[in-house]
Amino acid sequence: MLDQILPIIGVTSAGIVAGLFTGLVPSLGTFPVLCLLYIFMIGWSPLEIMVFYMALLTVSQYVDAIPAVYLGVPGEISAIPTAYESTFISDNQVKRNILKWSAVSRTFACLAAVLVTWLLLSSLSKFSVLFSVRVQIFLFALALIGILLTGQNRWYVNMGLMILGYILGMVGYNWYLKENILTFGWSDLQDGFPLAPMAMGLYVVPSLWKHLKSDNTAKVSTHNTTSNADYKFDTPIATTARSGIIGYLLGIIPGTSFVLAGNASYNFEKWLKGKTGQYQPGTPSAAVACETGNQTGAFSSLIPLLYFGIPITAGEGLIFDMMLQQGAIFQSGTFLLDNWVPLFGAFIIIVIAAFALSWPLANYCMMFFKSLESKKLFTALIIFCILTTLYQGYVSNAIELYSITFLLALAIGIAIKTFDVLPALFVLILQQSIETSVINFFKVIN
């Protein structure tokens, strides 16, 4: 086994470093990082490409909770619910507990997911039933209803924000209608608004601006924060189990991936705690559920690619194309079955490294953040977010599009800053997948 793992230690380490950077930089995301590093990956073997992506994705999901919890801004877009809950917590010990339990919960959930996948390795072909249109439309409907009813706004406000997110996601060329939607003749908009500047403008920068104006490192909740300080994770095993199961199952299904997995785990935890009167904004277990669901969803989202050759995210689409160019074969699970020893071995190493980085590193990050004057810190972060957005536009040769998208999103974000914008962001991110599922569903029933 070691002779199969040792040759890929180098790319594993590189992926861990790239994931660390991706998770700590607000709303950067794995796909833009892959685009930036694409040139360095040319010529790698399919196994090296896959291991690098696996390390990048896993570690970024682990460490994205650090800026989400301590600064109230997400390292990855999937951590936005965690960032939202953390803005209502002023006690640093509670924040440390969230990061500790998130690291522990995600690690146990990931190891369980690896074990389950290994046990089911010879039966993975049966999972194709989860790719059915009816399953997808049911899950999307369930997720949308969950957001509608569990969001922090009144249900009709959530509905309006979801419609807003859908409209923003519609912009671009529609392959079903065979025409451009809301592009106003601008050819650069045919592929729609880029997600990174949209997330920056709608959520990240307005959130940082709130912190800057309040001159605090965290938003103090109108609820009693002392109760947060005394909060005990009464059932960490149950939270880990249910969030891990939800994340694993949703991650497998094309079109949903770990964004829906984390949101569904988060909303289910909120609903469960709300039934017994235990939920209020700033409840730690809700953040832990989100992170656990994200992590297991990120792992299981690799299964359709590895076994069926079906990429279900933008990042997977990019590495899938690179792997095919290097001669990878995916039919009947060939790639996964031929490489399961180095893949699983590398993943265990990645999880151990991610656990070590996400917990101890969090303490150093907190000490660093506390040593800075809050106004300077949040001013620097706002400037950094703007520069990061412009740089991504420059690298993509679309700086004008990124700039205009950011300014438009910022204007909308400021206009709706008094509301919880998660419903709009969630629907925006998954708009194309939702639309495709609905259209395919009607084709099937007709």
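As the structure is a prediction and not an experimental result, all values here were calculated from the model. Sequential numbering from 1 along the given sequence is applied to the chain's residues.
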Side chain to side chain, Val11 and Met41, heavy atoms closer than 4.5 Å: no
Distance check, rounded to the nearest 0.5 Å: Thr117 atom OG1 versus Leu306 atom CG? 10.0 Å
Tell me the closest heavy-atom pair linking Ala346 and Val51, and the distance in Å. CB-CG1, 4.1 Å
How long is the span from the OH atom in Tyr53 to the OG1 atom in Thr58, to the nearest 0.5 Å? 9.0 Å
Show the numbers, then the answer: is there a side-chain contact (heavy atoms from CB on, under 4.5 Å) between Ile352 and Thr107? CA-CA 8 Å; Ile352 293 172; Thr107 301; over 6 Å; no
Write down the atom of Asn158, the atom of Pro423, and the distance for their closest heavy-atom approach. OD1-CG, 3.4 Å
side-chain contact (heavy atoms from CB on, under 4.5 Å) evaluation trace for Phe347 with Cys110: CA-CA 9 Å; Phe347 186 75; Cys110 275; 4.3 Å; yes
For the residue pair Val17 and Phe21, establish whether any side-chain heavy-atom pair is separated by less than 4.5 Å. no
For the pair Gln280 and Lys270, evaluate side-chain contact (heavy atoms from CB on, under 4.5 Å) and give the outcome as yes or no after the intermediate values. CA-CA 8 Å; Gln280 65 176 20; Lys270 283 173 60 179; over 6 Å; no
Euclidean distance, Leu20 CG relative to Ser358 OG, rounded to 0.5 Å: 10.0 Å
Between CD1 of Ile348 and CG of Leu343, what distance do you get to the nearest 0.5 Å? 11.5 Å
For Tyr248, is there any backbone N or O sitting under 3.5 Å from a side-chain donor or acceptor partner on Ser300? yes
Centroid-centroid under 6.0 Å between Trp118 and Phe344 rings: no
Spatial distance of atom CG (Leu410) from atom CG (Leu202) [nearest 0.5 Å]: 9.0 Å
Counting only heavy atoms from other residues, nucleotides and ligands, does the tally under 6.0 Å from OH of Tyr166 exceed 12? yes
Is there a side-chain contact between Ile412 and Leu168 in this structure, where contact means two heavy atoms from C-beta onward sitting under 4.5 Å apart? yes
Is Thr276 reaching over with its side chain to a backbone N or O of Lys273, donor-acceptor style, under 3.5 angstrom? yes
Which of these, Ile319, Leu302, Ile49, sits in a side-chain contact (heavy atoms from CB on, under 4.5 Å) with Met54? Leu302
Is the CZ atom of Phe355 crowded by more than 12 outside heavy atoms at less than 6.0 Å? yes
Less than 3.5 Å apart, any donor N or O on the side chain of Gln431 or Glu435 sitting next to an acceptor on the other? yes
N/O donor-acceptor pair under 3.5 Å between Ser45 side chain and Glu48 backbone: yes
Does the side chain of Thr239 pick up a donor-acceptor pair with the side chain of Glu269 at under 3.5 Å? yes
Does any non-hydrogen side-chain atom of Thr82 lie less than 4.5 Å from one of Val288? no
Arg106 side chain to Tyr62 backbone, donor-acceptor under 3.5 Å: yes
Does Thr283 reach the main-chain N or O of Tyr279 with its side chain, forming a donor-acceptor pair under 3.5 Å? no
Leu37 versus Ala18, closest heavy-atom pair with distance: CD1-CB, 4.1 Å
Tell me whether Ser301 contacts the main-chain N or O of Ala298 through its side chain, where contact means a donor paired with an acceptor under 3.5 Å. yes
Closest approach of Ala354 to Val59 (non-hydrogen atoms, all atoms of both residues): CB-CG2, 4.1 Å
Looking at every heavy atom in both Thr405 and Pro197, which two are closest together, and how far apart are they? CG2-CG, 3.9 Å
Is it true that, when you exclude Ile329 itself, more than 12 heavy atoms of the residues, nucleotides or ligands shown sit nearer than 6.0 Å to its CD1? no
Measuring from atom OG of Ser265 to atom CG of Asn294, what distance do you get when rounded to the nearest 0.5 angstrom? 7.5 Å
Using side-chain heavy atoms (C-beta onward) and a distance below 4.5 Å, is Phe406 in contact with Phe193? no
Shortest non-hydrogen contact from Pro46 toward Phe335: CB-CE1, 3.8 Å
For Thr292 and Ser243, test the side chains for any donor-to-acceptor distance below 3.5 angstrom and give the result as yes or no. no
Whether Glu85 side chain and Gly282 backbone form a donor-acceptor pair below 3.5 Å: yes
